[in-house]
Each structure stands twice: as C-alpha cells, then as structure tokens.
There are 4 protein chains.
Amino acid sequence: MGGIHGDKYEAILDAAYTVFGTKGFYESKISEIAEQAGVAKGTVYLYFKSKEQLFTAVTRRDCEQYLAEMQGALANRALEEGLLRMANLHLHYYYKRKQHTKLFFMTPNSDPDLMEFMRGFIQDYTDMVKNKLALEGVRQPELHAKAFIGMMERLKMDILLDKDFREYDVDQTAEFAANLFMHGCKAGSGIRRL
Amino acid sequence: MGGIHGDKYEAILDAAYTVFGTKGFYESKISEIAEQAGVAKGTVYLYFKSKEQLFTAVTRRDCEQYLAEMQGALANRALEEGLLRMANLHLHYYYKRKQHTKLFFMTPNSDPDLMEFMRGFIQDYTDMVKNKLALEGVRQPELHAKAFIGMMERLKMDILLDKDFREYDVDQTAEFAANLFMHGCKAGSGIRRL
Amino acid sequence: MGGIHGDKYEAILDAAYTVFGTKGFYESKISEIAEQAGVAKGTVYLYFKSKEQLFTAVTRRDCEQYLAEMQGALANRALEEGLLRMANLHLHYYYKRKQHTKLFFMTPNSDPDLMEFMRGFIQDYTDMVKNKLALEGVRQPELHAKAFIGMMERLKMDILLDKDFREYDVDQTAEFAANLFMHGCKAGSGIRRL
Amino acid sequence: MGGIHGDKYEAILDAAYTVFGTKGFYESKISEIAEQAGVAKGTVYLYFKSKEQLFTAVTRRDCEQYLAEMQGALANRALEEGLLRMANLHLHYYYKRKQHTKLFFMTPNSDPDLMEFMRGFIQDYTDMVKNKLALEGVRQPELHAKAFIGMMERLKMDILLDKDFREYDVDQTAEFAANLFMHGCKAGSGIRRL
DNA sequence: GATGAATGAGGGTTCATTCAT
DNA sequence: TATGAATGAACCCTCATTCAT
C-alpha cells in the first residue's frame, strides 16, 4: 500500500494531474486518465464520484502542497527577505509545473465544491502574506498582499509560457519582484537582463 | 445594415459575448447563442466557421475595444498620472463586465487562432506600458510593465468576484496600485478603507 | 407529411412499438429503434425527450386506439350483446398484437407520466363497462366491471402466449366469457373445444 | 445452519425478495441485495449463478409457497365453498404482499428458466381449479378455471394499488367473486360497499 | 441569405460479474 | 467459504455541424 488511500488512488490522481494539466478539464477524457493510470475506466469511479470530483481532488492536492511549501517562507524573517523567499517559491513552483499549465486555466464551471475550495485557497494564500505585512506595520495589508500575489501571478505566466525560460531567470525575477514591491519602480535593482 | 458585416453578425457577436461570458466556452451552446441573437442555428455558421472561431471573434472584439480605450491613457502625461489613469481604465473596464467573468476564465484549448491572438494582445498591452516606462527612464521596463499589469489583474479579480464592490472603491484601488508601483509598500498612501 | 407530427415522428413511434413490444422497455436500445425507423439516433431525441417518454408515447397511442375501438361496442345494445361485442374486440385486439406482448408486461418503473396515464386508462376502460352495467341495473357495477375485464385479461393471455391459437378460437372464447359473466359457471354454453 | 442451503442462502433470498419486489428486476442492484442480506457482493454469486437466476429463485419460492397454501382450499368441500376459500386465499396472499408489487410486474425477459417456470406455475394453478370444476361437472373446466383466476387477478390489482384497501374489504371482494362466478352478474350478492 | 431538421461521433457513468486473497 | 476491488461492455444522451429547401 502506498498512501492511506492505496496505490490505485494515487495512480489515478497522478494520471489525472498530468492529463488535466495538459489538456484542461473539458478536453480530458476519463478513459485516457484511466489508461494513463493503468487501471480500467470503471476503477476511476471507485475512487472518485465524477469527473468533476476527480478534478477537484487534483486541484486540492496541488494547492495544499503549495500552501505547505509556502508556510515556512515568511516565518522569522525580515520582511524583504521573506517576500523574496516567497517570490522564489512561487515562481519555482510553477517552473516545475511548466507541463501542467492547463490545470490552472481550464477549470470546470459547475462544481460548487471546487469553487468553494478555490475561494478558500486564494484567501488562505492572501492571508499568509497579509499577516506578515500587518506584523511589519504595512498599512492596508490585504490590498498589498493581493497586489504582491498579482505581480507574482503575472510574472509566473512568462515562466509557464516561455519555452526559453531558465531556472536562474526565475531567481532574478523573484528578486526583481520583491524589490519592486518594497521600493517602487524607481529604485532600479541590479538585474541586468530579462 | 448596421456594421460592415451586417446586423445579424453583430447580433450573434453580442449574444455570444453574453452567453460565453456567463457560462464559459464549454458550457455554452450554439443553439442558445442563436436563440439569444434571434437567428436560426444554421445562421451562426454563415458568419462564423465554428464555435471556436466565434469565441475568438468575441474575444478579439473585446480586447480591441480594450486596447483602444487604453491608447490615450498614457500619452502626454507624467508617469504617475498616466499609470493612475491606466489603472482606473483597467479596473473600470472589468467593473462594467462583472456579468461576463467567464469570458476571461473559461477559454478553449484547441483553437490556435485564439492562442495566437491572446499572445499578441497581451504583448501589445505590455508594450504600451513598457514603452512609457522606458521613456521615463525606468530600467527593465518590460518586467516592470508585466508586474504592474499583474497587480492590476489581481485587484480586478476582487472587483469581478465581490458582489459588494462599488464604483468609488474602484477609484481608490486604482490610486493604491499606482502609488504602490511608484513608491513601494512602505510609502503608505492615504487610502482609508477597502 | 404524414400526420400532424410528420413522417419521422410516426416512423419512430412505429419502430418503438415494434421494438419495445418485442423486447420490453429495458432490453430495447434507442439505437435499434432509430435504425428500425430509418433515422439517426439523435433524431429520436428531436421528437421524444427520453427513452421513457418514447415508451409512454407508444403506450398512450396504443391505449387510445384501444379505447376508441371499444367506444361503440356497448352503445345501443342489450347488455349481453354488448358484452359479447366487447369481449370480441378485447380478444381480437390482442390477437392482432401477438407479436408485441412485451409492450404489456415490461414497462419502466420510473416514469410518473406513464404511471399516471396507465391509471387513467384502466379507469376509463373500467368506467365504460361500469356505466353500461349500472344502466342495466346491475348492482356494484364497478366491481362487476373489474371482474369482467379481469376475466378477459386472463383469457387474452392464452391468446398471446399460445402459438396455436386461431382466430376462430377467439370468437368462441369471447362468447364463453360473456355467457359466464351473465349466467355463472353452471349455465354451460355450447362451446365444444378450447 | 438454517435451511438445507445455509443461512446466507436464505438471507440473500429474503433480501432479493424485498428489493426485487420494491424496485422490479431491472432497477434492482445486486450490490443492494447483498448489502441488505448482510453479505458481500461476491457471496451472492456463490449461491446464485446470475441476477436472473436469483430472480428466478425468488419467484419460484414465492410461487411454491402460494401453491402450497392453495392446496387444501378446494379439497373435500362443496364447489362454491371451495371457490370462496380460494378467492380468500388468493386475495389475502397479495394483501400481505402489498409492499412487493414490483415482483409481479417487472420481470426480466431473457431468462428461459424463469419463463418455463412461470408457465408451469400458471398451469399448475389453473389445473388445480380445473380439476375441481371437472369433478363438479362444470363443462369446459379449463376455460372456466382461467376465467375465475383472471377475475381474481384483476380484483387483486385494486388491493395492491389502493392504499385504503382494508383487510375486511378483502373478504367481501372474495365473496363477491365466488358468487359472480357461480351465478352470473344478475344474481346480486348482498355486499353493500366497495 | 436564412432556416432548422437531421446527423452521428463521442464520452460519462453504471453495474453484473470475476478472481486473487 | 467469503470478500470486495477491479473490470469493461454497454448505452443514453448531447450538441456541433451540415444541407436540402
């Protein structure tokens, strides 16, 4: 046995992560996920009630890993250093997921569980940053948190979509973001290319 | 006849804008769009080759209107004032489209025309900001442009998803964004609520 | 154009009558009905919302034809003669439908429309007999009506299931039934075989 | 161990009786029967080769009990008294099974064993009545037997479907049926309501 | 141009049955 | 015997697209 759910559960989830991530929810077929997982189509339905719930489970697992990785980034650090670490984690996380971009764009409409979960996830992520900012005396910490995350999201896009993006570019982008957020656009950092 | 394409063309485009915007691409039905446009299903195919191309046309029209509105925002202004105007336009634009959120999230995979167009649109938008920043001597103008737009995108989300967002909140959010971008997070603006 | 619904509508109904009648509801496939009707599978759904509703429509048409044929049997006749005619109609009706026995046995559970319709049909049929009996002074006309129809139903079964049943046997069975109902079992009729 | 087949065998048969009786053959799931019987799904297949055979076994047991109860009803009695007893048994039998109506309506097509058994059961039941009638000098005893049973079947329907049917109504219905069969419709019995 | 009836490929889901443990 | 995870065939229904009128 693998996890608490068993090997097949994990295999299906992994396969779904790959297929959904590659094609998006609507263009993915359960049969393909099953095949990729090495199980029969019916087996998928032993573990997940529907295609929507499978997608939700994939998303949930991914977001939870994400938040877990973020947890330590801000603790016990000066603000700028914490933000820099966070920016690094954020961008590297997606850099590793370059092959799964569709997971983040093509989500189903209908499933209320998923909508609810996503709302919660975004809130949790925002709160994490907001609390740190508040602690450091930044005013309007929630708005600032959202703006910071928004910057990261946009910079992440380049990473996802640009074939030529290299890992060291990620570090420089993170440094740029933290610096801009702290000091504004006039305080040019020492980044040379990009 | 209305536009160069004829009344029906516009009617279908308008209907598609509404339906796609409400339900997303995959959950929208051509039959519903046709009904909403007051034409027969077959008529849609006289004007658009496929569902994908109709979606692309809707998106294209919307993005072009957007860029057109943005054009004048930055010209002949000081940087901070230009960014503020731009932030205002950006956020108000989506505020007016609160009912069509799905248009921005649920797009189809498959259509290469759309992908190509979206890439071009994002590039044009970025360039518009980048050129202004370069003119003002900001280093790494492209990265800065992306970061600014990313901030706006995230702040826009609240507007789209928050039922209670009011129009004057939009203005304050824009002011906040421009200020943060110019001076960094420590230089608290005078915004009180939000 | 054939009826008010068009040729395809009738073709599908006829095909459904045959297939449902031969295999019963659950063992019948829409694809087979479509094929038999000479239309595509999807076409069935242009005329009928679901398999259940198609079955209901088939049943409804059949029952309505049945009641229509029965209408004249009892009017302006002496009781015994009327019952004899009715018995004849009842039995001949099913004799003609020997190939469609499943239509009467294998009906779906779920459809409330069908349940409601069948209840109404049985009631109408019963009332037709009941009213005649009441007019002729028979006490408890409803119970008597049900008993008479029950007799016919059982005698019909032999006709449906017995390969060797011939049309002239039908007449004799009808005569027997009317006689039994009028006079009881001791008043043996002159029927010789069966 | 309970019967010759073991406790599980009986438990499955009982569960199947309940589930098939409530939902009919096609809408019943083996998994539900297994659950109700307190055994695993696979266990059902240790005792019954298929869903059809389980249904056949349920039907067989029920019919055999029925015939067994009927056996004594006609022996050593005058005809009218025997028929009355039989009518009573017939109607009370179904009265007790009001909750299991689907068992009698929704049977599968495919199983030849079941078809064969049902044919035999009906024949046995008919013969039982036929022999008594022949003994009493009634002509065409088989036809008369079928007519009598048909009457009972129809009258039974009211009992199964009418929520308000009470046990004493059953007795009066039986009396009515026996009387009608003996003397015809003009010889009104003294039944007052129904 | 405009219509809408007709098409048919396609996929999510169910569930009887099997079999390794 | 007993289990229940796994299988995969089967089928209803949807809907983008076509085309005769």
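Chain A is the first sequence line, chain B the second, and so forth, proteins listed ahead of strands; every chain is numbered from 1.
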Among E:dG12, F:dA6, E:dT7, the one nearest A:Leu46 by side-chain distance: F:dA6
Does A:Lys8 have a side-chain nitrogen or oxygen under 4.0 Å from the phosphate oxygens OP1 or OP2 of F:dA6? yes
B:Tyr26 atom OH is separated from E:dG12 atom C1', nearest whole Å, by 17 Å
Between B:Thr43 and E:dT3, is there a contact of a side-chain N or O with OP1 or OP2 at under 4.0 Å? yes
Counting side-chain heavy atoms from C-beta on, which of F:dT3, E:dT17, E:dT13 comes nearest to A:Ile30? E:dT13
Tell me what C:Val44 touches on the nucleic acid: a base, only sugar-phosphate, or nothing, going by heavy atoms under 4.0 Å. nothing
Between CD of C:Glu27 and P of F:dA10 the distance, given in whole Å, is 13 Å
Watson-Crick or G-U counterpart of F:dA20, or none if no pair lies under 3.5 Å: E:dT3
Looking only at side-chain atoms of A:Ala40, point me to the closest of F:dG8, E:dT17, F:dA16. F:dG8
Taking the six-membered ring for Trp, are D:Tyr94 and D:Tyr66 parallel (under 30°), tilted (30 to 60°) or perpendicular (over 60°)? tilted
Taking CD from C:Glu52 and C1' from F:dC13, how many angstroms apart are they, rounded to a whole number? 12 Å
Atom CD1 of D:Ile12 and atom P of E:dT17: how far apart are they, to the nearest Å? 14 Å
Report yes if at least one side-chain N or O of C:Tyr47 is closer than 4.0 Å to OP1 or OP2 of E:dA6; otherwise report no. yes
Please work out whether the ring planes of D:Tyr9 and D:Phe48 are parallel, tilted or perpendicular, with thresholds of 30° and 60°. parallel
With both distances under 3.5 Å as the test, what is the Watson-Crick or G-U wobble partner of E:dG11? F:dC12
Check whether any side-chain N or O of C:Lys51 sits under 3.5 Å from a backbone N or O of C:Phe25 as a donor-acceptor pair, and report yes or no. yes
Roughly how many Å is it from NZ in D:Lys51 to P in E:dC15, rounded to a whole number? 8 Å
Rounded to the nearest angstrom, tell me the gap between atom CZ in B:Phe48 and atom P in E:dG1. 12 Å
NZ/NE/NH1/NH2 to OD/OE distance under 4.0 Å, A:Lys29 and A:Glu35: no
What do the steps show when you test B:Asp62 against B:Tyr93 for side chain to side chain donor-acceptor pair (under 3.5 Å), and what is the final call? CA-CA 10 Å; B:Asp62 199 52; B:Tyr93 190 82; 2.9 Å; yes
Classify the nucleic acid contact of A:Lys41 as base, sugar-phosphate or nothing, counting any heavy atom under 4.0 Å across all strands shown. base
Quick one: D:Leu54 CG to E:dT17 P, roughly how many Å, whole number? 10 Å
Separation of E:dC15 atom P from D:Tyr45 atom OH, nearest Å, is 12 Å
